[in-house]
Amino acid sequence: MNKGKYYITTAIAYTSRVPHIGNTYEAVLADAIARYKRLTGYDVFFMTGTDEHGQKIQQQAEAEGVTPKEHVDHIAGEIRRIWDMMNVSYDKFIRTTDEFHEKSVAKIFKQLYDQGDIYKSKYTGHYCVACESFFTDTQLVDGKCPDCGGPVEIASEESYFLRLSKYADRLMQHIEENPDFIQPKARRNEMVNNFLKPGLQDLCVSRSSFSWGIPVEFDPGHVIYVWIDALSNYITGLGYRPGETSEMYSKYWPADVHLIGKDILRFHTIYWPIILMALGEPLPKKVFGHPWLLMGGEKMSKSKGNVIYADDLVKYFGVDAVRYFVLNEMPFASDGSLTYELVAARYNSDLANILGNLVNRTMAMTGKYFGGVVPACGELTEVDNDLRATAANAVASVEKAMDELRVADAIGEIWTLLRRSNRYIDETEPWVLAKDEAKKERLGTVLYHLLESIRTAAVLLKAYLPETAERIFRQLNTEETAYESVLAFGAMKSGVALGTSEVLFARIDEKALMEQIEKDNAVPEEPKREYAPLAEEISFDQFMAIDLRAAKILTCEPVKKSKKLLKMTVDLGFEERQVVSGIAAWYKPEDLIGKTVAFVANLKPAKLCGVESQGMILAADGADDSAQVLFLPAGTEPGDKIR
């Protein structure tokens, strides 16, 4: 059964930091869609990856004391590890530092420039480093970035611009003629009313104020801005390059769906389609802006301290339980919420009670009453037919929900079948039937229906909880795991011995778990600082005998043969002095030159490593025995007395 191709992508993850569970949700969501499409007969190509260029990454690498490439290699490796841990079945993991991608993006930029869709000009505007975006005065919200709410800075530089305005009418027409192009509907209305109708301004597509990016090949002082670079991955990952042919690109493009967060919808539904129009390439069939996974009602943010990582959740609940929660709890168009308490409650109620208990009871009863062999199915009753109808409806309803990317609704249909199966046990009472030998055939029919319903649910669960589905198949000892096997009830073969029973999801003690989580995440108390003992008292006259002056550092250099000492020339206003200070471990010469410091001017000269020191710079003891030089405020003149 081959239903044709299906190309799905996630937004590529930005390699500034390790992603939290809110970021990981997108990869798991895309994986569930890709797995379902494969299950139902599509030739799927699923691509994800990492966005690795930009000013923010360059700044972070500099702060860490590593190269940008070293920084992105580490973060990209962590992202891939997390995706693999969560069983994300991608077919390609693209990195925007891949050689083919970089060369292809350079050619894309050159083609757009050669045909007049990119031009050079100068831009002055409000720039958000976090979002790597420029904004006009009217776009700011309370003077801050409208996307992330962070600070902006005035930036002015020569840049290349993409003529968005040239294609605005054509894009509007495409959206009107293809109502499913932007989903959900509310997102489409937002893009049209807030951006297209007011009129598009041409887009800055190069930067010259930093170097970590793909160079503009005909103007090396510029690097290609993140949105042409990052967005182009969807086609370069298929082997696209202007003027060349690619079998993969011809086969899979246009994408069936770009799955992205709602916060980057503008870039994918306005900038990206216009880039494709300018290149003369087809547009993706659908861009789906999924909602956010919130932490206790707020967007996850490191600065707020409300971040949960996939590793943490998997440690306490396991991979499939985490997949179940994020897929089941996210509404189609509105934000979902996550807390440890919610995950624990859902784990017990849905996974342990409804699914786990159903499988455990059915396996135990089949073992007890039929020696662990699948019984034959006999004459049907009304309650049997109702269970069969529920199973058939689950298959059809899951398909309908998945066609609309309503993943939570699809999972809900599977749980409807599981709940109905549990109720079927209460209605048929197998333990009562087992007491009457004359009802052995009826007992066999009941257990067959339970086993087949569980198998049907497991086939559907392959898209969402793949490890759990495989564990169920091993217990059932069945090879009937294909999607075609659930299109009609009854593929479970009678007379086959079941496999070994195991607990799928053991109930957890929610109170004990929360206590453990609180303990694991407790912030250790800062150790109490030990202070040096006070020196002996001195008189006022003794203190006044110390001549403290403001001194401006004119020159500074390391003392040869010493790792601790810096030699400085200081200006006391009325004369210059040479002073030696043991602060080389904490300050570089360039950190000190031009600064005004507190200086003991009447200290008897002394030699340190053979270099005469004619005074002393004052410093406070900092953390870890570091020295904190006492810099004086602006306006303090050399020679001013300190009292």
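Side-chain atoms are counted along with the backbone in the values below, which use heavy atoms only and exclude waters and symmetry mates.
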Tested for side-chain contact (heavy atoms from CB on, under 4.5 Å) against R35, the lone hit among V88, V44, N87 is N87

Determine the sole option in L630, V629, L592, T636 for which the side-chain contact (heavy atoms from CB on, under 4.5 Å) test with V597 is passed. V629

Rounded to the nearest 0.5 Å, how far apart are [atom1] of [X] and [atom2] of [Y]?
X    : Y    : atom1 : atom2 : result
Q59  : I57  : CD    : CD1   : 11.0 Å
L164 : I275 : CG    : CD1   : 8.0 Å
L566 : E557 : CG    : CD    : 9.5 Å
D31  : T24  : CG    : OG1   : 12.5 Å
I118 : Y160 : CD1   : OH    : 9.5 Å
S206 : D219 : OG    : CG    : 7.5 Å

Salt bridge [X]-[Y], side-chain N to carboxylate O under 4.0 Å:
X    : Y    : answer
E190 : R187 : no
E99  : K103 : yes
K285 : D256 : yes

Grab the two heavy atoms, one from [X] and one from [Y], that are nearest each other, plus how far apart they are.
X    : Y    : answer
I108 : S232 : CD1-OG, 3.8 Å
F218 : K110 : CD2-CD, 3.3 Å
I82  : V18  : CD1-CG1, 3.7 Å
A13  : W83  : CB-CZ2, 4.5 Å
P19  : Y309 : O-CD2, 3.3 Å

Is it the case that the side chains of [Y] and [X] hold a donor-acceptor pair, with the cut-off being a distance below 3.5 Å and no angle test?
X   : Y    : value
N23 : Y14  : no
E64 : Q60  : no
T9  : H258 : yes
R38 : S89  : yes

Students often mix this up, so state it plainly: with edges at 30° and 60°, are the rings of Y252 and Y7 parallel, tilted or perpendicular? tilted

Angle class for the Y240/Y249 ring planes (parallel below 30°, perpendicular above 60°, tilted otherwise)? tilted

When the ring centroid of H268 is compared with that of Y234, is the distance short of 6.0 Å? yes

Would you check if R163 and L112 make a side-chain contact, meaning some heavy-atom pair closer than 4.5 Å? no

Can you check side chain to side chain contact (heavy atoms under 4.5 Å, CB included) on W272 and I235, steps first, answer last? CA-CA 11 Å; W272 178 227; I235 54 178; 3.9 Å; yes

Candidates N233, D51, D73, T15 - the one meeting side chain to side chain donor-acceptor pair (under 3.5 Å) with R95: D73

